[in-house]
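Shown next, in structure tokens, is the structure this report addresses.
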Amino acid sequence: MIVPLSGVSILVFIGVTLILAGGAAILAGIAIAGTWRPAWQVIFACIGLGLSDRFLLYALFDGALFSPLGLVFDTAVLMLFGLAAYRLAWVGGMVRQYPWQYEKAGFWRIRPKPG
């Protein structure tokens, strides 16, 4: 079965886009959050990863190289992974670095400590 938006089979999409490029997007989000850089840098990193992913799909699995819809879809998936990892790493870093000031208020948020 071929994923209509990506233009390759579902197994290739899972292997290359979700596992390989998605893992790189997660690591990029964690690294950018760990150095206290802004979240918009994750977007540019994921654009580069989306272009690399599209080339790997073309070169290794005979996917379409110039597929604007496929590029947008794959890059959006990678941005989702990267920004989620960024937010989780940023929240953990704020709570770990400033424990007297902030506490976790759920999975994605922090709040000032009372008192």
Side-chain angles (χ1 to χ4, degrees):
M1 178 178 173
I2 293 180
V3 177
L5 293 175
S6 187
V8 293
S9 72
I10 189 75
L11 291 177
V12 171
F13 175 76
I14 290 171
V16 175
T17 303
L18 296 184
I19 295 175
L20 185 68
I26 289 170
L27 291 174
I30 292 170
I32 292 170
T35 55
W36 300 104
R37 294 184 179 147
W40 60 264
Q41 290 187 0
V42 176
I43 294 171
F44 286 111
C46 288
I47 290 172
L49 286 171
L51 291 170
S52 301
D53 175 62
R54 181 70 10 208
F55 177 75
L56 286 176
L57 292 175
Y58 162 74
L60 299 176
F61 301 101
D62 205 25
L65 178 62
F66 299 111
S67 170
L69 186 60
L71 176 64
V72 169
F73 176 69
D74 292 349
T75 305
V77 169
L78 296 177
M79 283 182 190
L80 180 70
F81 284 7
L83 289 172
Y86 174 88
R87 184 63 184 181
L88 290 175
W90 184 84
V91 166
M94 288 293 285
V95 171
R96 193 171 41 256
Q97 183 138 358
Y98 305 108
W100 66 90
Q101 194 170 5
Y102 298 110
E103 62 186 6
K104 280 192 174 184
F107 200 58
W108 299 97
R109 300 179 336 149
I110 59 173
R111 67 174 169 227
K113 279 194 171 176

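Everything quoted here is computed from the prediction, not taken from an experiment.
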Answer with yes or no whether the hydrophobic clustering places F13 together with F81; edges join I, L, V, M, F, W, Y residues whose side-chain heavy atoms lie under 4.5 Å apart. yes
Between CZ on residue R96 and NZ on residue K104, distance to nearest 0.5 Å: 8.5 Å
Is there a chain of hydrophobic side chains (I, L, V, M, F, W, Y, each step under 4.5 Å between heavy atoms) that links V12 to L71? no
For residues 51-65, please give each side-chain donor-acceptor pair under 3.5 Å, one per line with the distance, not counting sequence neighbours.
residue, atom, partner, partner atom, Å
S52, OG, G48, O, 3.0
D53, OD1, T17, OG1, 3.1
D53, OD2, T17, OG1, 3.1
R54, NH1, S6, O, 3.4
R54, NH1, A64, O, 2.9
R54, NH2, S6, O, 3.1
R54, NH2, D74, OD2, 2.8

Which heavy-atom pair separates G82 from C46 by the least distance, and what is that distance? CA-SG, 4.3 Å
Salt bridge (charged side-chain N to carboxylate O under 4.0 Å, His left out) partners of R111, counting only residues at least two apart: E103
Going only through I, L, V, M, F, W and Y residues with side-chain contacts under 4.5 Å, is there a path from L78 to I26? no
Give the cluster check for L83 versus W108: same hydrophobic cluster or not, with ILVMFWY residues linked at side-chain heavy-atom distances below 4.5 Å. no
Hey, could you give me the NZ/CD distance between K113 and Q101, rounded to the nearest 0.5 Å? 10.5 Å
Same hydrophobic cluster for Y98 and V91, using side-chain heavy-atom links shorter than 4.5 Å among ILVMFWY? yes
Any side-chain heavy-atom pair from L88 and F107 closer than 4.5 angstrom? yes
Check: residues 31-42 side-chain donor-acceptor pairs under 3.5 Å, at least two apart:
residue, atom, partner, partner atom, Å
T35, OG1, A31, O, 3.2
T35, OG1, I32, O, 3.2

